[in-house]
Amino acid sequence: MTELPKAYEPTVVEEKWQSRWMNEGCFHADPHSAKPAYSIVIPPPNVTGVLHMGHVLNNTIQDILARRARQEGKEVLWLPGTDHAGIATQARVEKELAKENPPRTRYDVGREDFVKMVWEWKNKHGGIIIKQLKKLGCSCDWERERFTMDEVYAPEVARVFAELFKEGLIYRGRRMVNWDPVLCTALSDEEVEMTPTHSKLYTIRYKLADGSGQLLVSTTRPETIMADVAVAVNPKDPRFGHLVGKTVIRPLVEKEIPIIADEHVEIDFGTGALKITPAHDRTDFEVGMKNGLEIIDILTADGHINCPDCPELHGLDRFVARDKSIELIDAKGLLEKVEAYDNNVGLSQRSGVPIEPRLSMQWFLKYPCVKEAADAVANGDIVFRPARWAKTYAHWLEGIQDWCISRQLWWGHRIPVWYRKDKAAALQEATKLDAADMAAGDIYVSATPPADPENWVQDEDALDTWFSSWLWPFATMDKECLAKFYPTSDLVTGPDIIFFWVARMIMAGYRFADGKKPFGNVFFTSIVRDLLGRKMSKSLGNSPDPLDLIARYGADGLRFGLMRIAPTGTDVKFDEKQIEEGKNFANKLYNAARFRMMQGEATTEPAPKFAPVHIDILSKLKELHATVADALGKYEFNTYTQALYSFFWNEYCSLFLEAVKNDLREGEPAVKNATLFTMDTVLRHYLALLAPIMPHITEELWQSLGFAKKHNDLPLMSTPLPCPCSLLGGMDETDISKARALTTALYETANRARNLKAEYNLATNKNVKFVVKPGALPVDADLAARLALLAGAKETVVDAAYEAPKGTPTALTPFGELFLPLEGLVDVEAERARIGKQLEKIDKEIMKSNAKLGNSKFVDHAPAEVVAQERERLADWESKKAQLTAMLTALA
RNA sequence: GCACGGAUAGCUCAGUGGUAGAGCGGCUGUCUUACACACAGUUGGUCGGGAGUUCGAAUCUCUCUCCGUGUACCA
C-alpha cells in the first residue's frame, strides 16, 4: 500500500517536472526530424512585461496545441521570445533616471550611454515574463528564445527597411502626424484611441475687417487662434455667400485673415463657419494646402504655446493656454458663448494624453502585398477563428493608410539611413528622398553601416516597434528551421492586435518569406475581463496576479479552470471560483489515482471477466477520444475541457468507481482483475488525453502509477497518444450497446433507490434492504450486488414473486418495481399522497404528449423518428401510470 | 453614423428546429476506509421585450431595449 498525502500539492510537483522536461530537452525542436512539422511562434510579450491573465489564456492554448501535436507524433517548434517594446522600455529606464538625485533625463546621459543603460536594464530586469511562462508550464523551445533586437533579428529589420526603401515603398516626408507631446514622438494611427470626452465648445466673434459686422465661429481649441489663417464657410451656404472674399480680424494676435469657401465645412454644424488652423488640425491642413494658405505653428513639441507675439500665452501648457485664451477673448468682448460639448478626442495609447496633429518630417511605409494579404484571408488560405474577425481585417485593409514608422526614440532599431556629412543638414530637411539620392551617393540605406562612417551621419530616429515584430514568424528562424517549420501552423493571439500585428505579419510574410503566408490558422482568444465586464488593467487594480493564482491553485488548476470558462466567441468574465474548480479537479484526479495505487498490481491471471460496468466505461472512454479529437480539431477548448471534466468526475469517479469498489474488496479474482485492468486502461488513456491542459499532474501520476515503465520511462509528454482502437478490441458492437444499456439502467435504478432513501429521511449511511421485482431488463447477481453498493444498501433482493406489505415505498425503475420495505414504518396515507403527486406529474406529461400526437400536422410534418420518439415517450408514461395506479390500489 | 458580438437558474457559462443543461452558490443530510478540494439529496429559468416563419423556436427572420467591441466624422 502506498502512503500518499490526502490532498494534492502542486507546487513541488510542478517545479520538478518543469526542470525535468527542460533537462531532457523535451521541448527542443529538431529541424532534421523526419516527423511532420507543427509550429507556433509566441506573440512576443514586452520585455518589460509581467504575466497577466491574457497571457495565461493565450499561452495555455498554445501549450495545449503544442503538447497535443507532440502526442500525435509531430515535430513541434514553439518558438518563444520577447519584444523590445520601444516606448515602454525606454520609459522604464527614463523613470529610473528621474528618480536619481539630482534627477536626470535621457538627454543628460546622451544617446549612446542611454542605449547602453537600457540594454543593461534589459539584461538585468527584462524577461521576467519568460520565467513566469515557464512556471505556467509552457513547452516552448527555450533554447531558441529570440529578442526583437538581438544580433540575429536586428539585421533582418534593417534589411527589410533597405529593401522597401529601394522599392520606393518607404519614403520620407513632412506630413501631419499623430504627435504625442509627452513622449515627444510621432505615433501611427493605430496607436491613437478616439475617446468620447466632455469638452467645451466656445463660440467667438470674428469681426469683419470692413466693420460691416461679425462672423460667429465655434471651436474647441481657442488656444490655437493665433495660428488661424482663414475662416471657411460652405460655398453653398446662403447665409455667408456674400462674405467670401472679405476678411475678418483674427481675435488673438490681431490680423486680417480671409474668409474662404470650402466644401469641407458643414452647413448644419455649429455656426456654419470654421476657423482654419493648418498647423494644428488634420483637415484644416488639407484645406490650407488646397487654398495655398500659410502654416503657422504655435506649439512646441512638448505641447506648450510658442507664440512670442502673444506674450500672455507664450510658454503656457496647451490646456492652461486654452482657459487663458478664453479669458483674453472675453476681455475683448468677443466671447459669444460657451457650451458643454461631447466629442471624440484622440488619446495616445502610450501616454494617455491628447494627441496633437503636428506637421513633422517622418518616415512612412506604403504597405506591400496588401492584395495578397486580403485575398489570403478572404479565400481561406489563412483561416481566422472565430471567422467574424475576417470582416474586421478586410475592412481595415480596404481603408489602409500609409504607416508612419519613425519614432523619436532612442531605444529600438535605429533607422538604417545615413546622410553624407557635408549634405546632411540639407538632406534631413528634404521632403523627398529616393533612389536617385542613393545613386548620387548622398544617402546610404543598408543593413550594414557605411564602410567609412566618419563621412556619414545616421538618421536620428528609431523604428516603430511593430516594424520589427511584423517579421517575427520568419526572422526568428534560422535556415534549417525555416525549411522545416515555416510557414507556421497556428497563431494564437488577442483580437486587439489584429491590425498592429496580425495583418502586418501577413503582408510581411508574403513580401519577405518567399511569398509564403506566415501561418495557416489564426485563433483569436477572448479578452479576459473582470466580473463587472471591465478590461483588466493595472490602474483599476482588477487584474489578479497569475503567479499568486499559481501559488494557490497550481499552474494546472489555473490552466484548467481558465480554459473551462473560455468561450470561443466572446469575452471571458474572470471569476476566481472557476480557478478553484481547476484545483479541485486536480485534487479529484490525484485521489482517484491514489485510490488505484492502494489496490496493488493487476495480474495477468486469471483472464479479466468483464461486467457490463467495465464495458460501459471503456466504451465511454473510446467516445471521449473522439470528442477530444473533434473539439481540438475545431479549436473548441472549452468543449475539450468540459468533456474531460465530466467524463472523469461523473462517469469514472461517481458512477464507475462507486460501482466497482466491492470488486476490489471481496470480488472473485477474475472480476477484481477486470476492474483493476479497466481502471488502469482508463487512467492510462485519460492521463494522455488530459496531459496537454494539465501537464504536470498527469506526468506525476503517469509516473507513480507505473505507466512510464511500459514506455521506456519516457515522460508522458514524449509518449505517443494511446490509440482508442485498442479499447474493447474485437468486441461485438451489439454486446457493447447491451452492456451500456444495462449499465445505464443500473445507474438510473441506483438513483431512484437513493431518492427513496432520501424521501424517507434515511441517512445515506443507513443500511437498508431493497427488493426488485424485475420487469423488462434482466437483473443478474452482478447487477444486483452493484445496485446495493451504489444505493447504499445492505443488499438488493431480486424477487419476481415479491408481495409488498401495504404502504411499502416503491419506485419505478428500468429494472422493474423497486421496493424499500420498512416493516410498517410508513404511513399509508403519506405513501398514497406521494404516489398521488407522482401521478399528477405523469398525467401532465401524458396530456402534453397526447396533444402533440393528436395534432395531425405534427404527425404529418415532423420527421418519422421524432414522431416515433414521442409515441415511445407516451407509451412509457402510460405504463408508469398503470404501475403507479396498481400500487395505489394495492395500498387500499 | 456604420459594422460586429452578447443578453439562458442568484453567479460563471454550455446548448443552431424536437421533453431547458453543467459547475458554483443556497438549502438538507453524511467524516460511507480515494477525495469534506468530498459524497448523497434538493431548491433555482415566460431562455432581454415584441412580432413573424413553422406541426413545433432558446435555436431561423424582423424589430425594439440594454451591455460590450471595432471603425468613421465631429469645428
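Letters A, B, ... are given to chains in the order of the sequence lines, protein chains preceding strands, and every chain is numbered from 1. Predicted model only: the values in this text are computed from it and were never measured.
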Lys/Arg-Asp/Glu bridge criterion (N-O < 4.0 Å) met for Glu223(A), Arg318(A): no
Under the 3.5 Å Watson-Crick or G-U criterion, the dot-bracket string of RNA chain B, with | for inter-strand pairs: ((((((((.[[[[.)..(..]]]].(((((.......))))).....[[[[[..)....]]]]])))))))....
Presence of Lys6(A) side-chain N/O under 4.0 Å of C35(B) phosphate oxygens OP1/OP2: yes
Students often get this wrong, so: under 4.0 angstrom with heavy atoms, is Tyr341(A) touching a base, only sugar-phosphate, or nothing? base
Taking the six-membered ring of Trp702(A) as reference, does the NZ or CZ atom of Arg684(A) fall below 6.0 Å from its centre and within a 45° cone about the axis? no
Between A57(B) and G52(B), how far apart are the P atoms? Round to whole Å, please. 12 Å
Counterpart residues, side chain to side chain donor-acceptor pair (under 3.5 Å), relative to Tyr393(A) (two or more places apart): none
Please name all residues satisfying ring-ring contact (aromatic ring centres under 6.0 Å, His included) with Tyr553(A), sequence neighbours left out, ordered by chain then number. none
Using the C1' atom in both, what is the distance from A58(B) to G15(B), to the nearest Å? 8 Å
Test side chain to side chain contact (heavy atoms under 4.5 Å, CB included) applied to Asp530(A) - qualifying residues, sequence neighbours left out: Leu532(A), Arg534(A), Met536(A), Asn542(A)
Sugar-phosphate atoms are those with a prime plus P, OP1 and OP2; base atoms are the rest. Using that split, label each nucleotide of nucleotides 16-21 of chain B B, S or - for protein heavy atoms under 4.0 Å, 5' to 3'. --BB--
Taking atom P in both U8(B) and U54(B), what distance in whole Å separates the two? 29 Å
Checking Lys857(A) now: which residues fulfil salt bridge (Lys or Arg N to Asp or Glu O under 4.0 Å) with it, not counting sequence neighbours? none
Gap in Å between the two C1' atoms, one belonging to A36(B) and one to G29(B), rounded: 13 Å
Over all atoms of both residues, closest heavy-atom pair of Leu624(A) and Ala643(A): CD1-O, 3.6 Å
Hey, can you tell me if Phe585(A) and Tyr686(A) have their rings parallel, tilted or perpendicular (30° and 60° cut-offs)? perpendicular
